[in-house]
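Order of the sequence lines fixes the chain letters, A, B, ..., with proteins taken first and strands second; residue numbering starts at 1 for each chain.
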Number of protein chains: 2
Amino acid sequence: MGITKTEHFSENQNTIAKLLKALGHPARIAIIEYLLKVETCICGDIVNELPLAQPTISQHLKELKNAGLIKGTIEGNTICYCIDGNAIQYLKNYLEDIYKILQSQKKNCC
Amino acid sequence: MGITKTEHFSENQNTIAKLLKALGHPARIAIIEYLLKVETCICGDIVNELPLAQPTISQHLKELKNAGLIKGTIEGNTICYCIDGNAIQYLKNYLEDIYKILQSQKKNCC
DNA sequence: AATGATAATCGTAATATTGCAATATCATAT
DNA sequence: ATATGATATTGCAATATTACGATTATCATT
């Protein structure tokens with residue numbers, strides 16, 4: 001029915017899925033990579049960097065922000081966006097955990 | 001227009017986004033976690049573990065498989081599913097790289 | 001106050017996703 | 001041969017996502 005049954009899954013599973021989903025679009029990956037590159041947070045020029053219209057980018061930024069992957073603070077008449085390290089760390093740890101468990105298992109098939 | 005403009009982004013960005021998108025659903029996270037738990041690859045009982053109908057789970061499995069996150073091999077009249085460690089490692093490395101770069105930057109805002 | 005620059009929001013069209021009932025497929029047991 | 005059990009596919013309804021033009025809001029600078 002087009003609606004995800006979040007209530008049937010654990011809070012952790014929903015949190016992880018939400019973060020990963022927010023990153024699951026090339027434009028949003030590109031935004032993250034750009035934010036990482038420029039280092040400084042004055043980021044009004046994302047629009048010039050990406051091949052998408054300004055409203056589209058604004059929408060992608062909103063989604064990244066909703067998911068908690070970036071933070072934005074008003075800075076005069078521009079907005080200062082930057083990556084939230086905690087969210088990245090959370091995902092990194094999750095994947096490291098999965099990887100570690102996989103490594104510890106003796107492969108007996110596939 | 002509802003269609004992602006993949007052609008405007010790098011191959012790497014599209015690959016990462018595709019993997020993350022495939023993981024960006026609680027049911028698929030639950031499937032991965034279950035596959036991790038059972039260790040052995042005979043995994044026909046995912047349907048009994050998750051609160052979703054059999055066709056829905058079959059569809060989620062297909063998406064994980066298309067993204068390259070799991071492998072499935074026919075084993076008589078059951079199917080043996082297991083996680084593809086390479087895909088997990090790829091994502092893990094990507095997030096570790098981002099995290100490392102973040103750590104190396106001196107925070108001056110946000 | 002008027003102007004300009006920047007970014008968010010609204011509205012809408014096109015497409016994708018989620019979920020399931022019904023059905024199909026296919027290996028194996030009877 | 002036929003029934004059974006396991007998984008895949010089809011078809012469809014409900015909802016979500018993607019993208020952008022038009023507009024609006026906000027604020028710094030005239």
Q) Picking from B:D84, B:N86, B:L19, what satisfies side chain to side chain contact (heavy atoms under 4.5 Å, CB included) with B:L69? A) B:L19
Q) Can a side chain N or O of B:K21 be found less than 4.0 Å away from OP1 or OP2 on C:dT17? A) yes
(Q) Tell me whether the side-chain N/O atoms of B:Y81 come closer than 4.0 Å to OP1 or OP2 in D:dA6. (A) no
Might you point out which heavy atoms bring [X] and [Y] nearest each other, and give the distance in Å?
X	Y	result
A:P51	B:F9	CD-CE2, 4.2 Å
B:E63	B:A22	O-CB, 4.3 Å
A:I57	A:L52	CD1-O, 3.6 Å

Figure out the [atom1]/[atom2] separation between [X] and [N], and round it to whole Å.
X	N	atom1	atom2	value
A:H8	C:dG19	NE2	P	9 Å
B:I79	C:dT28	CD1	C1'	15 Å
B:L50	C:dC20	CG	C1'	15 Å
A:L23	D:dT18	CG	C1'	17 Å
A:K65	C:dA7	NZ	P	12 Å
B:E63	C:dT18	CD	C1'	9 Å
A:L64	D:dT17	CG	P	13 Å
A:K18	C:dT17	NZ	P	20 Å

Q) In residues 51-62 of chain A, what residues come within less than 4.0 Å of DNA chain D, judged by heavy atoms? A) A:L52, A:A53, A:P55, A:T56, A:Q59, A:H60
Q: Start with the C-alpha gap between B:Y94 and A:L23, add the side-chain angles, then the distance that decides, and say whether side chain to side chain contact (heavy atoms under 4.5 Å, CB included) holds.
A: CA-CA 12 Å; B:Y94 184 77; A:L23 281 181; over 6 Å; no
Q.
Is it true that A:Y34 and A:D45 share a donor-acceptor pair across their side chains at a distance under 3.5 Å?
A. yes
Q | From CA spacing to verdict: side chain to side chain contact (heavy atoms under 4.5 Å, CB included), B:I31, B:Y81 | A | CA-CA 10 Å; B:I31 288 173; B:Y81 278 117; over 6 Å; no
Q) Closest to the B:T78 side chain: D:dA19, D:dA6, C:dT18? A) D:dA6
